[in-house]
A.B. asks: 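Right, I'll just put the structure down here and ask away after.
As the structure lists them, so they are numbered: ligands from 1, and atoms in each ligand from 1. We use all heavy atoms of the structure for the numbers below, so side chains are in, but hydrogens, waters and symmetry mates are not. The structure displayed is predicted, hence computed values, not measured ones.
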Amino acid sequence: MAGKPYLLSEVTWKTVRETTYDVAVLPWGATEAHNFHLPYGTDNYEVAHIAEEAARLAWSAGAKVIVLPAVPFGVNTGQLDIRLCINMNPSTQAAVLADVAHSLEGQGLKKLVVLNGHGGNDFRQMIRELQPKCGVFICTINWWNCVDPKPFFDEPGDHAGELETSAMMHIAPDLLLPLSEAGEGRARSFRLKGMREGWAWAPRQWPRVTDDTGVGNPAAAAEKKGERFLDAVAERIGGFLVELAAVDAGELYE
Ligand SMILES: [Zn+2]
């Protein structure tokens with residue numbers, strides 16, 4: 001049986017040869033500890049799930065989108081002393097992104113969405129640098145920013161909290177330890193007022209911030225909450241893909 005036509009890992013050259021794709025989606029995750037109860041691949045499972053669901057919706061609406069295999073390593077410079085957290089520096093990510101974008105450019109694909117699944121990744125500056133040198137229109141989405149999580153969760157949390165735990169309960173329930181095994185995800189704040197208020201910024205040194213690697217309490221997580229939120233996110237991103245597929249990359253302004 002043939003694979004899903006919007007997942008590059010599953011399609012054959014026969015399908016690719018016969019299809020004109022308008023938009024490529026590059027999911028980009030991370031490999032890192034997620035409290036005691038979620039797997040190291042959490043960000044990768046989440047971003048792959050959302051990319052696939054959004055692409056499925058877009059494809060069924062007639063948009064020719066193709067999801068590329070996900071990049072599994074994120075920027076984790078603040079977690080280097082947590083065993084088996086794997087860091088990929090921003091400069092390496094920029095080189096990977098440029099190679100992917102230039103591959104697509106030579107093949108006539110006009111639009112690329114970097115779908116980000118990890119808070120330490122930030123593709124905006126890379127795109128600013130790459131865009132003038134590349135004929136592919138490149139944009140980026142942080143999936144957790146597309147839909148306001150507050151109506152869906154008591155306390156969404158930042159990392160391995162209620163939002164992520166609920167999402168994983170829906171995506172890969174067999175990979176979770178019971179909530180009784182999870183830490184509370186208590187995070188220590190910066191001493192500096194400007195940083196606490198969010199208008200001054202520095203990367204957090206993770207082991208100093210949290211004892212269980214989590215930031216945000218997962219106690220109120222539930223599979224249904226995850227399903228509802230992920231559906232809303234996929235619907236929103238799917239809608240964006242449909243819009244992007246239809247637009248001329250040279251005519252983006254009203
Ligand atoms: Zn995560």
A.B. asks: Does atom OH of Tyr45 have more than 12 heavy-atom neighbours, drawn from other residues, nucleotides or ligands, at distances under 6.0 Å?
C.D. replies: no
A.B. asks: Just distance, no hydrogens or angles: give the donor-acceptor pairs under 3.5 Å from side chains in residues 105-115, sequence neighbours left out.
C.D. replies:
| residue | atom | partner | partner atom | Å |
| --- | --- | --- | --- | --- |
| Glu105 | OE1 | His102 | ND1 | 3.0 |
| Glu105 | OE2 | Gly135 | N | 2.6 |
| Gln107 | NE2 | Ser103 | O | 3.3 |
| Lys111 | NZ | Leu244 | O | 3.0 |
| Lys111 | NZ | Ala245 | O | 3.1 |
| Lys111 | NZ | Val247 | O | 2.6 |

A.B. asks: Going by the side-chain hydrogen bond (donor to acceptor under 3.5 Å, both in side chains) test, which pairs reach into residues 52-61, not counting sequence neighbours?
C.D. replies: Lys4-Glu52, Glu53-Arg56
A.B. asks: Looking at Asn35, Thr42, Asp158, which one forms a side chain to side chain contact (heavy atoms under 4.5 Å, CB included) with Glu164?
C.D. replies: Thr42
A.B. asks: Just the protein N/O/S atoms under 2.8 Å from the Zn ion (ligand 1), please, no waters.
C.D. replies: His34 NE2, Asp43 OD1, Glu164 OE1, Glu164 OE2
A.B. asks: Would you please name every residue forming a side chain to side chain donor-acceptor pair (under 3.5 Å) with Asn44, sequence neighbours left out?
C.D. replies: none
A.B. asks: Do side-chain atoms of Asn87 reach the backbone of Asn76 as a donor and acceptor pair under 3.5 angstrom?
C.D. replies: yes
